[in-house]
Amino acid sequence: MAKKGDMLYAWTNDAEIKKHAELGGAVSALWKYALESKTVDAILAIQKGKDLYDAQPVLIKNAADIKNTAGSLHCGTLLMAKLVKKYLDGAQDSRIGVTVKGCDAMGFYELAKREQINLDNVIMIGVNCGGSVSPVLARKMIADKYGVDPDKVHKEEIDKGQFIIEYEGGHKGISVDELEEHGYGRRSNCRRCKLKIPRQADLACGNWGVTKDKAGKVTFVEVCSDKGADLLTKAVAAKKIAVEPADPKGIEIRAKTEASMFRLADKWRMRDFSELSPHLWRTIEKETARCTKCYACIDKCPVCFPVADKLKGTTMVRPGTLPVDQMFHLRRFAHISDSCVNCGQCEECCPMEIPLALFSHAIRTEEDSFFEPKLGKASYTN
Ligand SMILES: Cc1cc2nc3c(=O)[nH]c(=O)nc-3n(C[C@H](O)[C@H](O)[C@H](O)COP(=O)(O)OP(=O)(O)OC[C@H]3O[C@@H](n4cnc5c(N)ncnc54)[C@H](O)[C@@H]3O)c2cc1C
């Protein structure tokens, strides 16, 4: 019987899932069991669309379709929480299982705090996330740095610090550090992110801590809640998934990897935030001057979008007027300052390429630093 705090290796007993899964297929096997056992009414997951740059959200009700969602799409930068609120009535009357990255999980909590999502009806299986890559920049990176036609790439993975592609005629890996030094690699908000193992979810799954002979064959699972323990226990009893205790050495390696990811995130915070200092407000004023008030930033933000209409046409943000009133962005930053989940949606969807996520993350981190002295080291004021 699994319990909160357990660290396990898990793998699917389903041949079809095994074929498509990223690692041990634990995530997909658990979802398949959740549908078959009617633990949930539907699963919200990510599926490859036209190509690997096209990550699509899908709602699965038929257990046989789960296999199509197996595998990791590192160019998938969607945020799941908003979809549950907007299209599934915040899970008020249906039970939803959802695969989440750290930012997705935080989005769920922010919406639940505002009574927009009913967390009692949501099961979250978290995937560790070292960071995702913008699909637009990934195409450019593959052409420029790998010298490969992005349309010829049929698989990508991030392994041992390298972004690796497989394409017609071969495979190639380049270290993520090198890519990032040249402005490619993970999205800048992901580089600064410190929520790598999503323990806010019911289960946290990944490959860190999977030791050599098991590499690629099992999923490392940390049990983070009673709900997660219950789902795992029942799926094991139904023989849909097999588990064994994680190797203590693997647990140690996973903790060290997480710690080194934190240090890397601190390095990026220091670098990104110190470039803003000491002129943050002047920089915001200059950069937001090119805003066209398309409102993509508030429509995509998991914190803003429930009140988006209230932020749009007010006396502080006059309709039909450009350049945008300064109060629009200042008000938005004030609104989200203690809640920004650093998901990067605002920046990614901004057609004017205003570094909005950077600004809110800098503000948020500085606020956090008042309460968490350690973070203060990385704040833009230092
Ligand atoms: C962007 C990204 C970065 C990752 N980085 C790391 C890492 O640095 N270290 C680590 O230990 N593990 C990382 N993982 C997790 C790892 O790749 C596996 O997803 C995890 O170990 C589960 O393996 P599995 O075989 O059980 O999953 P599978 O059974 O293959 O299921 C994968 C699940 O992930 C969902 N999914 C795929 N792409 C996305 C996406 N972009 N956003 C949200 N959900 C998605 C699928 O819909 C499916 O539900 C990352 C995953 C993603 C998506």
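Since we're looking at a predicted model, the values are computed, not measured.
- In terms of modelled atom types and a separation under 3.5 Å, the side chain of K239 and the main chain of V236 share no donor-acceptor contact.
- Using a distance-only test at 3.5 Å, with no hydrogens or angles considered, a donor-acceptor pair links the side chain of S360 to the main chain of L356.
- Under a 4.0 Å N-O distance rule, the pair D226/K4 does not qualify as a salt bridge.
- Between E258 and K194, no side-chain nitrogen of the basic residue sits less than 4.0 Å from a carboxylate oxygen of the acidic one, so the salt-bridge criterion is not met.
- Hydrophobic cluster membership is shared by V40 and I60, with clusters built from Ile, Leu, Val, Met, Phe, Trp and Tyr side chains linked at under 4.5 angstrom.
- For CG of D213, the number of neighbouring non-hydrogen atoms (other residues, nucleotides, ligands) closer than 6.0 Å is greater than 12.
- A salt bridge does not link D54 with K50: every distance from a Lys NZ or Arg NE/NH1/NH2 to an Asp or Glu carboxylate oxygen is 4.0 Å or more.
- Proximity of a side-chain donor or acceptor of T233 to a complementary backbone N or O of A2 within less than 3.5 Å is detected.
- No option in D104, T99, L119 other than L119 meets the side-chain contact (heavy atoms from CB on, under 4.5 Å) test with M124.
- Considering all non-hydrogen atoms of both residues, G344 and A357 come closest at CA-CB, 3.9 Å.
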Does S339 form a side-chain hydrogen bond (donor to acceptor under 3.5 Å, both in side chains) with R114? I'd like the steps, not just the answer. CA-CA 11 Å; S339 306; R114 293 162 179 79; 3.0 Å; yes

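- Electrostatic pairing of E285 and R282 does not count as a salt bridge here, judged by no charged N lying under 4.0 Å from a carboxylate O.
- Ring pair F163/H74: centre-to-centre distance not below 6.0 Å.
- Criterion: ILVMFWY side-chain heavy atoms under 4.5 Å apart, direct or through other members. Under it, I123 and L79 are not part of a common hydrophobic cluster.
- Side chain of H171 to main chain of Y167: no donor-acceptor pair is present (N/O by atom type, distance under 3.5 Å, no hydrogens or angles).
- Between atom NZ of residue K101 and atom SG of residue C190 there is a gap of 8.0 Å, rounded to the nearest 0.5 Å.
- With sequence neighbours left out, N118 forms a side chain to side chain donor-acceptor pair (under 3.5 Å) with no residue at all.
- Here the CD atom belonging to E287 is positioned 10.5 Å from the CE atom belonging to M352, to the nearest 0.5 angstrom.
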Test salt bridge (Lys or Arg N to Asp or Glu O under 4.0 Å) on R192 and D272 and set out the steps. CA-CA 9 Å; R192 297 187 302 267; D272 291 356; 2.8 Å; yes

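- With respect to the salt-bridge test (charged N to carboxylate O, under 4.0 angstrom), the residues K32 and D14 qualify.
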Trace of the side-chain hydrogen bond (donor to acceptor under 3.5 Å, both in side chains) decision for W31 with T69: CA-CA 10 Å; W31 284 150; T69 65; over 6 Å; no

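- Two rings, from F328 and Y295, have their centers less than 6.0 Å apart.
- Listed by first and then second residue, the side-chain hydrogen bond (donor to acceptor under 3.5 Å, both in side chains) pairs that reach into residues 342-354 are T77-E348, R187-E348, sequence neighbours excluded.
- Using a 4.0 Å cut-off between a side-chain N of Lys or Arg and a carboxylate O of Asp or Glu, E36 and K240 qualify as a salt bridge.
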Assess whether side chain to side chain contact (heavy atoms under 4.5 Å, CB included) is satisfied between D202 and C224, documenting all intermediate values. CA-CA 5 Å; D202 297 297; C224 306; 5.9 Å; no

Kindly determine whether K172 and E157 satisfy salt bridge (Lys or Arg N to Asp or Glu O under 4.0 Å), including the steps that lead there. CA-CA 11 Å; K172 213 181 239 183; E157 60 176 329; over 6 Å; no

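- Taken from CG in L358 to CD1 in I284, the straight-line distance is 9.0 Å, to the nearest 0.5 Å.
- The CE atom of M270 sits 6.5 Å away from atom CG of D266, with the distance rounded to the nearest 0.5 Å.
- Atom-to-atom distance recorded for C291:SG and L322:CG is 7.5 Å, nearest 0.5 angstrom.
- Salt bridge status for D51 with R139: present, with a side-chain N to carboxylate O gap under 4.0 Å.
- Of the residues listed (L137, V133, I174), the one engaging Y184 in a side-chain contact (heavy atoms from CB on, under 4.5 Å) is L137, and it is the only one.
- Looking only at distances, no side-chain donor or acceptor of Y33 sits under 3.5 Å from a matching main-chain atom of L232.
- Judged by distance alone, the side chain of K227 and the main-chain N or O of V122 form a donor-acceptor pair under 3.5 Å.
- Distance check, rounded to the nearest 0.5 Å: CZ of R254 to CZ of F220 gives 4.0 Å.
- Within the 3.5 Å criterion, the main-chain N or O of D325 finds no donor-acceptor partner in the side chain of R318.
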Please report the C-alpha distance between V84 and F108 in whole Å, then the side-chain angles of each, then the deciding distance to 0.1 Å, and finally whether the side chain to side chain contact (heavy atoms under 4.5 Å, CB included) criterion is met. CA-CA 9 Å; V84 172; F108 273 93; 3.7 Å; yes

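- Taking 4.0 Å as the cut-off between side-chain N and carboxylate O, K85 and E110 do not count as a salt-bridged pair.
- D41 places a side-chain N or O within 3.5 Å of a backbone atom of R95 that can act as its donor or acceptor partner.
- The cationic atom of K82 (NZ for Lys, CZ for Arg) lies less than 6.0 Å from the six-membered ring centre of F305 and within 45° of the ring axis.
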Give the C-alpha distance, both sets of side-chain angles, the deciding distance and a yes or no for ring pair (Phe, Tyr, Trp, His ring centres under 6.0 Å) between F359 and H329. CA-CA 10 Å; F359 296 148; H329 288 286; 8.9 Å; no

